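Here's the structure we're looking at; comments come further down.
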2 protein chains.
Amino acid sequence: MVNKNQLRFTFHVLVFLFFISLSLNVFSAPDEGMWTFDNPPTKQLQEKYGFTPTQEWLDHVRLASVRFMDGGSGSFVSPNGLVLTNHHVAMGQLQKISTAEKNYVAEGFYAATLDQEIKSPDLEVNVLVSMEDVTKEVMKAIKTGMSDAEALKARRAAIAEIENKSLKKTGLRSNVVSLYHGGEYWLYRYKKYTDVRLVMAPERQAAYFGGDFDNFTYPRYDLDFAFFRVYENDKPVKSKHYLKWNAKGVEENELVFVSGNPGSTDRLYTYARLEFQRDFQYPMILKYIDKRLEILREYAQKGEEQARRALGQIFGLENGKKALTGELNGLLDEDLMAKRKKDENDFRKLVANNPEWQEKYGNAWDIIAKTIDQNKKVARERFYRRLIGSRMAGNATTIVRYVVEVKKKDANRLPGFHDSELAELKFNLFSPAPIYKDLEEALLVGNLKMSIEELGSNDEFIKIVLKGQSPEKVVKDLISGTKLDDPGFRKSLIDGGEKAVNESDDPLIVLARELDPMMREREKWNRENIESVLTAASEKIAKARFAVYGKTTYPDATFTLRLSYGAVKGYPMNGTKAPFKTTLYGLYDRSLSFNQEGDFVLPQRFWDRKDKLDLSTPVNFVSTNDIIGGNSGSPVINNNAELVGLIFDGNIESLSGRFMFDKEKNRAVSVHSAYIIEAMRKLYDAGKLADEVVGEIVR
Amino acid sequence: MVNKNQLRFTFHVLVFLFFISLSLNVFSAPDEGMWTFDNPPTKQLQEKYGFTPTQEWLDHVRLASVRFMDGGSGSFVSPNGLVLTNHHVAMGQLQKISTAEKNYVAEGFYAATLDQEIKSPDLEVNVLVSMEDVTKEVMKAIKTGMSDAEALKARRAAIAEIENKSLKKTGLRSNVVSLYHGGEYWLYRYKKYTDVRLVMAPERQAAYFGGDFDNFTYPRYDLDFAFFRVYENDKPVKSKHYLKWNAKGVEENELVFVSGNPGSTDRLYTYARLEFQRDFQYPMILKYIDKRLEILREYAQKGEEQARRALGQIFGLENGKKALTGELNGLLDEDLMAKRKKDENDFRKLVANNPEWQEKYGNAWDIIAKTIDQNKKVARERFYRRLIGSRMAGNATTIVRYVVEVKKKDANRLPGFHDSELAELKFNLFSPAPIYKDLEEALLVGNLKMSIEELGSNDEFIKIVLKGQSPEKVVKDLISGTKLDDPGFRKSLIDGGEKAVNESDDPLIVLARELDPMMREREKWNRENIESVLTAASEKIAKARFAVYGKTTYPDATFTLRLSYGAVKGYPMNGTKAPFKTTLYGLYDRSLSFNQEGDFVLPQRFWDRKDKLDLSTPVNFVSTNDIIGGNSGSPVINNNAELVGLIFDGNIESLSGRFMFDKEKNRAVSVHSAYIIEAMRKLYDAGKLADEVVGEIVR
């Protein structure tokens, strides 16, 4: 006998199986996904490529992978702590060690011996040594009946406690990571290194050949690499887990992996959040970037040294602008949005069809939509109520808050001030990297004017900052009066504690003190009315997703270690096809085809030594790997875990990947391993370093 | 005093001036237009480039320009009748002179001496020696009160008479051309040459490097050139007007002109016609092309010789498919269509605002829309009621009609059979070019099956052809039984007149006789109900256009000589920019980046002789010139009328140019003059020919 309930159950099972098969299809056919190392896509790999990585393989790759805390990835490539990353990941440190006299960005750098290697002022790199699922521990902090705000606080406290305990016990950097938007919490422990020395970087002209034009595009011809060496106790670390260099590189259609730290994606965002991004967030940020670029370019016009100082920021903003524009184009793509809408509707229908799920999770989407609507009203204020563009102003706020926060019980502190976070905070705060007061002044004035324009001069924040004076006058006084460009002064305030900070008459500290109560109030409101509500609702959706689909998918990117797989493969482009690789012939072609002008100028050594080069050497290649910003510098490895390439970009079609993977045209762009060796040996007289990476000598 | 009428007039003048200024803007800002030589865009040239061509300059360029009657353009480049065109324009003749033993398409050809030059079997080339406005003469044939059908007949008769008179008087090929869709009629007189000999062609692999993939795209690396020599009385003609070769070629942003014969554009079509194209015509043709390609590829699979025989058609269809797909994408582009709709609405409003214009022209758009609607019902029938794919079947119809038509008064003949057209008809009909019966059989069977599918087996045409038998059987009998592959047999039927044709038992002639009455009936209906109505209404619109805008624009392309101007300039492409030129470095890059496979294989000589080449030699370049199919082989000249390049393609963005010029991204793609010389001297041992074109020797 078949009763009604049973029928309904059967229907559910059928619908469920139908969607599972759909979802497997979606996630196995394309080479999609940024997979955590605890949940690698073994089924897809086996089915599509007939390859299953062993646990040993996975552990080795993970331990050879390096995270650059200033935003990038890398890998050990010799047993002596040598780390490969991108030139554009090294760029920040190259800027910081350069001076008016010695411009390592423009000229490149090579340390032929260990003693010539230059210490980075404030570079921290991490190796992920363990991962532990702490979802239950975090979750048990949330008691029934708690408001969203109370839950957020409780969750934060629990996380801080887990992190602290781990730090004390292991001495390792310990971070609890929220995956699947709260679906899981994992304790990631990192071996952390802060003595990281520059070994080699080519000139930017070779690394970033084609400039902003060619950025995020392909075919491409960039030598975007740099080498650092990791030290401990003033000696190169013995990096047991390092990637063997395969100078033959890749063949067409070959299976390759990328192990790195994708920054963030929004693939699990609800449709309402995508609309907010499309209609509000992106236009706002892009407007701001344009303004900031305008200020920087005006400043850079003033002279060669000013141009040098502004270069890093200009690059970062141009890069961001191009990426965000591509992402916004994804959001403006009606097909993409329709697909996202459909996916969400299908998902919600499956939830709704199960009364228990509907009861527990069903209202989450509407809550998010409503909260996002509220957020619109305050997001612009939140963005513009900051002293944008000045490291010193940021430091002032940090110092003013630090001395108060550290006195509190760990659980009650503001985010960023938990015991487990203080080492990083101080490492950044006390960085000896140079601060250019004239540049900060230019930025602060420009951005302050923009804030006035956006908020109006009657805004509380603006009134506190200006006190009736002109932005120019206020900023001039702040910047000329402050001593916060001196790391020693910053340290003295931290060491002096609340008393020293309260008595300080440093104008930026004074202003930070004045702003702090209002800012705290605003942030609190935001946590209680926006963040906590979104967190709770997102967590519901994450649980619903696990309930409906199981753990068949990967979480959105979180700047933690992920494995992506794919094949080396060209793609349809602009009416024809883009090849899977480019060669040195193409580099010379592109330079000459633009009359060797602007961003297409090649360093003189490329012409002087052209005849020494094998012009058929592969330069860059593309693969179907699923990556995003933060993956820069990631190693590309073959199934023997040998290094065959170096991720440095995604193609223009991959930019909408923040919201949805384009299985036909998404491509990751890498420097070919052969090009790096060819260049080191024949262009940069760095044969000794080349020998180290290909394994012929040990230092 | 200002009376009402005067007010209205003033308003009209204002509106008129407003639109004139708009329209000047539209047509002068971008480098748009395929201008007739009687109406060059001197104002735009002077304003934008500060250059005004003299009448002498215009005459010289016109007289150095050559039209290839099998569909292309070219130019004299030496005083001894040497003509430069594209390899792909020469392709048809190369196919026709090739055999299983000697494949000039694959191997290329070079005649080191005059006596080695090979006569083309059926190539006619033309030089436009004069142009005469005969609008009034044509128009006066149309009497008040004539129906559209009568008017069409009268117009045709008048045109035939003008052409005949001119032919008899001057001995020149005389064609009356309808410009602006009937807005003007011009008598074009051509010096016609039919002894045209092949001098040189590279291997197709170099000429068409990148194949169908790279076709209609850029950056590009093609050596798409060929040389013919024009003979008269078995001697090279003395071509006084020839273009001096400038082997330095072009610089970025340089002003260049293209003089050639664009085939057709639909920029002045009404919106209703565009919709018909989009929804009906393009899908139908693309479906047909796919089927025909399928048949040809199956045939080509059978062996090397079959592949050789089918190559020309496959190339033509692939080329057509890519072009039509690009054009259809233009029609599917909502912005483009909205712009066309708006332009039409603006135009109609201006007409409607003037009672006289409205009375004379106002109903034309609705008439066209209604007629197009009727056309939909018969267009498919018209297309599929043909024995498609067989030159012999086409010849049979021509022969059957010829013997009847030539007995009539010239004015009463079918189009194509007027005295002035007979020389061309016979030149084609008696062509000694080989006919491959097995290929014709394969195509005829396949296409006949498609006709059955489209029309149904009860269709009148199908019934006459099949007579209850299978398509395979019918076609086998037709092809094996016919002797029409023999030019002598074709000639004997023409010479034997109506009697010989009526008594012939050649199965294709018999079938053509059976089909003729029905086909004539259908064609008559079509002329009377579709063509004549569209012609009359289009003429009205043309007159309205002149009334509203004056002659500020250029006519749609008509495969007659046009001048286009533009600048050598890259363009935004796929997130970056495409360079204005490419170099030989890029050619080697593209070949290697595809592992030298498939369409990216370079002829061996390119590898053997690579070190002799200057790899920085420019290969191809792009300019903003407005061109379309038929312009292939056109010379690109600088303002000294020196040859700097050779048109061979448009970029993918230019394909929607059939309907609207894309001022930002439309680019014409040319072979650089330097590459042709470099290749002739260093790759093809054709230094003597290179000397002739650069002017160092005279044969």
Side-chain angles (χ1 to χ4, degrees), chain A residues 210-221 251-253 322 325-326 329 334 570 572-600 607 610-611 614-622 649-655 665, chain B residues 210-221 251-253 322 325-326 329 334 570 572-600 607 610-611 614-622 649-655 665:
Chain A
D212 188 47
F213 291 110
D214 282 4
N215 197 12
F216 292 114
T217 74
Y218 183 81
R220 197 73 164 281
Y221 310 91
E251 278 311 312
E252 196 169 7
N253 299 315
K322 201 161 181 183
T325 304
N329 284 339
E334 287 171 19
M573 191 196 80
N574 221 48
T576 180
K577 53 184 183 181
F580 77 97
K581 69 172 176 187
T582 61
T583 72
L584 274 172
Y585 281 108
L587 173 65
Y588 287 96
D589 176 58
R590 196 147 175 87
S591 180
L592 288 166
S593 71
F594 286 104
N595 284 341
Q596 302 184 61
E597 281 169 6
D599 290 313
F600 301 96
W607 297 107
K610 180 167 67 69
D611 294 340
D614 175 358
L615 296 186
S616 67
T617 305
V619 170
N620 295 161
F621 66 87
V622 278
D649 213 350
N651 63 354
I652 199 93
E653 292 87 348
S654 75
L655 289 174
K665 293 187 179 173
Chain B
D212 188 47
F213 290 109
D214 282 4
N215 196 12
F216 292 113
T217 74
Y218 182 81
R220 196 75 163 282
Y221 311 91
E251 277 310 312
E252 195 168 8
N253 299 316
K322 202 162 181 183
T325 304
N329 284 339
E334 287 170 18
M573 192 196 80
N574 221 49
T576 179
K577 52 183 183 182
F580 77 96
K581 69 172 178 188
T582 62
T583 71
L584 273 171
Y585 281 108
L587 172 66
Y588 287 96
D589 176 59
R590 195 146 175 89
S591 181
L592 288 165
S593 70
F594 285 104
N595 284 341
Q596 303 183 59
E597 282 169 5
D599 290 313
F600 301 97
W607 297 108
K610 178 166 69 67
D611 294 339
D614 175 359
L615 296 186
S616 67
T617 305
V619 170
N620 295 160
F621 66 87
V622 278
D649 213 352
N651 64 354
I652 199 94
E653 292 86 348
S654 74
L655 289 174
K665 292 185 178 174

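If you're wondering where the values come from, they're calculated on a predicted model, not measured in any experiment.
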*Which answer fits B/F580, side chain, backbone, both or neither, if we ask what part of it has an atom under 4.5 Å from a heavy atom of chain A?*
both

*asked:* Let's test your reading of the structure: which of B/K577, B/K581, B/E252 forms the most heavy-atom pairs below 4.5 Å with chain A?
replied: B/K577

*asked:* Counting only non-hydrogen atoms closer than 4.5 Å, does B/F600 touch chain A with its backbone (N, CA, C, O), its side chain (CB onward), both, or neither?
replied: side chain

*Derivation of the side chain to side chain contact (heavy atoms under 4.5 Å, CB included) call for A/R220 and A/V622*: CA-CA 10 Å; A/R220 197 73 164 281; A/V622 278; over 6 Å; no

_Which portion of B/E597 sits near chain A, non-hydrogen atoms under 4.5 angstrom_ = side chain

_Derivation and outcome, side chain to side chain contact (heavy atoms under 4.5 Å, CB included), residues B/W607 and B/S591_ = CA-CA 11 Å; B/W607 297 108; B/S591 181; 3.9 Å; yes

*Side-chain donor or acceptor of A/K665 paired with backbone N/O of A/N651 under 3.5 Å*: no

_Ion pair check, A/R590 and B/D589, cut-off under 4.0 Å_ = no

_Selection from B/F216, B/F594, B/Y588 maximising heavy-atom pairs under 4.5 Å formed with chain A_ = B/F594

_Under a plain distance cut-off of 3.5 Å, with no hydrogens placed, do A/N620 and A/T582 share a side-chain donor-acceptor pair?_
no

*May I ask you to name which of B/T576, B/T217, B/N215 has the most heavy-atom pairs under 4.5 Å with chain A?*
B/T576

*Pick from B/L592, B/I652, B/N574: which one has the most heavy-atom pairs with chain A under 4.5 Å?*
B/N574

*Is it true that a side-chain atom of A/Y218 and a backbone atom of A/G650 form a donor plus acceptor pair closer than 3.5 Å?*
no

